Q: 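This structure is in structure tokens; I'll ask about it shortly.
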Amino acid sequence: MLSTPVVKRICDPSSRYAAYRRRTIQNAAVQKELRILACVYNQENVPSILNLLAATHPTKDGSVCIYVLELVELVGRAASVLVEHDKQQKNKQLTRSHSRVSEKITSAFNKFEHRNQGFTIEQSYTAVSPFTSMHNDVCEIAMNKRTNLVIIPFSKLAEDPVRGVNLSILHKAPCAVGILFDHINVPKSVNHVFRKRHNVAVIFIGGPDDREALTYSMRIALERHLKLSVIRFTHSEVRANTTRESKKDDNLIEEFQKKITNRRNIVYKEEEVTDCGDTATKIRHMEETHDFILVGRQHDNNSPILSGLDQWCVYKELGVIGDLLVTSSVKGNYSVLILIKKMLDKPGANTCLQIAASFGFLYFSFLVGAKIDMDMLLKANKRTYIVGFSNFIIPLVFNTIVCTVMRTKVHKDLGLEINLVTIAVILSVHSFHDTASALDDLNLLNSEIGRLSLSISIFTGLCSWLLIFVLFSYYEAATMRPIAFIFTWVSRALIMLFMFSVRPMLLWMIRTTPEGTTLKETYVAVILISVMASAFYSEAVGLHAFFGPVMIGMVVPVGSPIGEAVQKKIECFITMVLLPAAYLVAGSQVNVYDIQTNQFAILELLIFLAWAAKLAAIVLPCLYCSIPIQDALSLGLILQCDGTFNLLILSRMHRAKYLDEKSYTIAVLTGAFITMVSTPIVKRISDPSKRLAEYRKLTIRNSTVKKELRILACVYHQENVPSILNFLAATHPTKDGSVCIYVLQLFEQVARVASLLVAHDKQQNKKQLTQSHSRVSEKITSAFDKFEQRNPGFTIGQSYTAMSPFVGMHNNVCEIAMDKRINLVIIPFVFCIKHLAAVGILFDHINVPKYFSDASRKCRNVAMIFIGGPDDREALTYSMRIADEPHLKLSVFRFTHSEVRSNNNRETKRDNKLIKELRERVKNATNIVYKEEEVTDCGDTAGKIRLMEESHDFILVGRQHDNNSPILLGLDQWCVHKELGVIGDLLVTSSFKGNYSVLIMKQ
């Protein structure tokens, strides 16, 4: 399984031909030798090939060197055979019947050589091999003999394997390839083949292949008795182009005109055409007056000369013009040679990427649908609908008017009619996922502006896609026959029925999955297969392929085990493997070199006007709804950020020919520029921490001891509850002021985009949580309720559950702390948050029970380490409240040093003032001890702190200190957890197996 693809990769014969891709007719001068490899599938191909060779005129300095290769299917043997016919001993490898046919073919070419001077039959071969690898023989001989042109006959039979061989040769040949088709009824005998060409025509539209055909015709025109007509089809829009390809076309035409100045047998014409119908008509007239027509294979099918003809193309390998000539119903007496300089796309180079991109787009659409929370829309307030409707209708009407005016004013030569309409529609459509991605990058998902942005984007997105659906249905009703229209809609109704049947199946999967376990692999596989089946069916009934996956995603319960399991299984693979392939495909279509100034200016004007209209459509309703101007501007910029979904839509429109390469490039780069500029602006003006600045003074020290103390207890896991409850038990309420506790349970956001904040006193909000989360929340809430009942003076003000990403979880903590005017935030030691009040980081060395319903451990010996600074003063203030409990012993240790005592700055004065208050209180309290410890250096400090671990069960310390102080100088070099500070890190990382807790205070 592993060896096969490795061998296929490193032993691909086509990789050896890459260096020879430039051996073409155009690169071989007219006066030099021309080497041709003529491929023959059967005897009937010989007359057509010899008649073509007869028209190829040898020169004095350069003959025409011909190599003949007869291709025979391998039957009845395993090994392939390549026979050189000038070596008689190798002819024995062929059967008798094959030998007779080969002799006839070789004889016909030898007779041609004798009758036509300047032609040399250099070598004849017979290759016996399977059709699937027959192209390797052709390419190998072409490479070894350094041929300029390979001639291959064309078969119109649909089931003929020769067509597959021709396709492989087209993709992998190391030189130019000519596909030959003969409308002439030539005799089957190879002995009567010579027919002179008299009227030869070259159809020139533009491109590498047409230049190759024109170069070949210049060699044919050396024959004086032959009349050559070069017809160049032009259009006003095509003449306006100044790309590199058009310049190469003009240079070759100019060179050709110089060479035919005195030649009466050569005619050059330029035919002005209006559309593809006019082009087809003029080509039909040529069929009646010429006996040999040359044309290139590859053209720009978006050109007004050919636009629309590709829809009727039967044989894609011949190109649009080649297919038109080969499938002609005119009973002419002419031959056609379609020349290919090289394939524009190497086979397999982009195919694998496009397949990966398509799969990535489908499953990405499913994940987007699975993360859409419709409850946000159902529970949205009035301002969401006002801003959302304005964001939908105003840009749509404005873009329609601007696009209509531009189409009437812009010159038709620019070819922007369909591009303007497409870009105007895309600028009016909104994507929920792009908004969510922008908010995630800005860390605003769980902020107030983030929740409002998501609600508006869901509403606007649904309106946008509903409008597109209605317009598309109206177009179908107007263009389709009634029976076909009814059949189409019945087929689409079946997919809706399938969606409704999927949800009961998903709910059954959830019920059969035990709590705490992951979804079965079988269930996940069934869901993924259903997504793919819905995509194929959607495409089959005329809908876009992503419609089915999005609908299946939307019926998945948000935040359910199914969404979580599928996300864990495929999201990483999709975002890291498949979507980058989509980005590569989308990026490969960007070409900045062919952008014209006037086209760039027109499209940029449309995009800028649409951007301004959309910004006004958001900001003005926000001001009407009393939203601050700063938030309104941020909302307007966030909702205009483009992302993955917009890029994929643009790429699909480009591949569907609704956007040309230049317009696509401008749209992609402008969208990226708008997002790149908007993001830092929003980050600057919408930082939630700025709104909290005025609340920074809500600390324990500024809240007097006799007043109510408000604490916000944050819980990450059930195991955090015992430590927090034990800490709260040590906080002594007073007669005049109780301890009010707010509980916030923090869960990681999985399988949903919108963050969640649930207040547990509102029963209806509990439905927003999954069953497993609800059970955990009930247990935690119950533990705190029991604590309230057993401890008078404590009040549980409110219990919350917040679901958000870890990177933005601090926003929920800060928002509640600000709204409830919290004095102290307690967080278990996991990570630190942006603080607005005093913050206490709690770490427990105690092995607490996992079941916390009876967690009630009293702290007896409390120590407070005081070195100096705002954080130590906050810790000392809190310890003084604890000391109100008469059964608790508080020991305050102040570490001093001779150099520190000599300082008389502002911070030292504040420290001394608080210590003075403590000493006054010690005089009237028997359970408070104050000691000053003289230390010599950081080693002495660490040693004394270690001794404290043995005799205390609760230690308080400030987080931030002056690390340059001689008391701590050097300890920061060994600090592991910087967020705990030097002393906090020393206590948390201690190897002493004590039975104590640590609280690190931050003001």
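None of these values were measured; they are calculated from a predicted model. Positions are given from 1, in the same order as the sequence printed here.
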Q: Can you list everything that forms a ring-ring contact (aromatic ring centres under 6.0 Å, His included) with F392? Sequence neighbours excluded, please.
A: none

Q: Work out which heavy atom in F459 is nearest to a heavy atom in F389; give both atom names and the distance.
A: CE2-N, 3.3 Å

Q: Would a 4.5 Å heavy-atom cut-off, applied to side chains only, mark W611 and L427 as touching?
A: no

Q: Which residues satisfy the ring-ring contact (aromatic ring centres under 6.0 Å, His included) test with Y363, sequence neighbours excluded?
A: none

Q: At their closest point, which heavy atom of A581 faces which heavy atom of A356, and how far apart are they?
A: CB-CB, 3.8 Å

Q: Decide yes or no for I458 and T384: does some side-chain heavy atom of the first lie under 4.5 Å from some side-chain heavy atom of the second?
A: no

Q: First locate atom CE of M532, then atom CD1 of I552, and finally report the distance between them rounded to the nearest 0.5 Å.
A: 10.5 Å

Q: Might you point out which heavy atoms bring D209 and Q298 nearest each other, and give the distance in Å?
A: OD2-N, 2.8 Å

Q: Rounded to the nearest 0.5 Å, what separates atom OG in S588 from atom OH in Y583?
A: 14.5 Å

Q: Without hydrogens or angle criteria, can the side chains of S663 and D660 be said to hold a donor-acceptor pair below 3.5 Å?
A: yes

Q: Who are the ring-ring contact (aromatic ring centres under 6.0 Å, His included) partners of F600, not counting sequence neighbours?
A: none

Q: Quick check against the 3.5 Å criterion: does D323 have a side-chain atom that pairs as donor or acceptor with the backbone of V314?
A: yes

Q: What's the separation between atom NZ in K614 and atom OG1 in T460, rounded to the nearest 0.5 Å?
A: 7.5 Å

Q: Please tell me if the side chains of V425 and M653 come closer than 4.5 Å, counting only heavy atoms from C-beta onward.
A: no

Q: Do you know the tightest heavy-atom contact between G360 and I574?
A: O-CG2, 4.1 Å

Q: Can you measure from CG (L603) to CD1 (I423) and round to the nearest 0.5 angstrom?
A: 4.5 Å

Q: For A424 and C403, work out which heavy atoms get closest and say how close.
A: CB-CB, 4.0 Å

Q: Hey, what do you get for CZ (F364) to OG1 (T575), rounding to the nearest 0.5 Å?
A: 9.5 Å

Q: Report yes if the side chains of D434 and C641 come closer than 4.5 Å at any heavy-atom pair, otherwise no.
A: no

Q: Within a strict 4.5 Å, meaning less than it, do heavy atoms of the L362 and S358 side chains meet?
A: no

Q: Not counting sequence neighbours, which residues clear side-chain contact (heavy atoms from CB on, under 4.5 Å) with L609? List them please.
A: F398, V402, L605

Q: Can you check whether L170 reaches E317 side chain to side chain, under 4.5 Å on heavy atoms?
A: yes

Q: Is there a donor-acceptor pair closer than 3.5 Å between any side-chain N or O of N391 and the backbone N or O of V387?
A: no

Q: Less than 3.5 Å apart, which donor and acceptor atoms pair up between the side chains of residues 666-682 and the rest of the protein, not counting sequence neighbours?
A:
| unit_1 | atom_1 | unit_2 | atom_2 | d |
| --- | --- | --- | --- | --- |
| T670 | OG1 | E604 | OE2 | 2.4 |
| T670 | OG1 | I666 | O | 2.6 |
| T675 | OG1 | D642 | N | 3.0 |
| T675 | OG1 | D642 | O | 3.4 |
| T675 | OG1 | G671 | O | 3.0 |
| S678 | OG | I674 | O | 2.7 |
| T679 | OG1 | T675 | O | 2.7 |

Q: Set out, in order, the CA-CA distance, both residues' side-chain angles and the distance that settles side-chain contact (heavy atoms from CB on, under 4.5 Å) for L606 and I602, then state yes or no.
A: CA-CA 6 Å; L606 173 62; I602 292 168; 5.9 Å; no

Q: Looking only at heavy atoms, what is the nearest atom pair of T665 and V592, with distance?
A: CG2-CG1, 3.9 Å

Q: Would you say the side-chain atoms of H654 pair up with the backbone N or O of L659, donor to acceptor, closer than 3.5 Å?
A: yes

Q: Side chains of T435 and I456: does their closest heavy-atom pair fall under 4.5 Å?
A: no

Q: How many angstroms lie between CG in D300 and OG in S307, if you round to the nearest 0.5 Å?
A: 9.0 Å

Q: Looking at residues at least two apart in the chain, or sitting in another chain, which of them share a side-chain contact (heavy atoms from CB on, under 4.5 Å) with S651?
A: A586, Q589, R655, Y664

Q: Mind running side-chain contact (heavy atoms from CB on, under 4.5 Å) on L506 and M509 for me, showing each step along the way?
A: CA-CA 5 Å; L506 297 177; M509 291 180 180; 4.3 Å; yes

Q: Any heavy-atom pair between the side chains of I638 and L442 that's under 4.5 Å?
A: yes

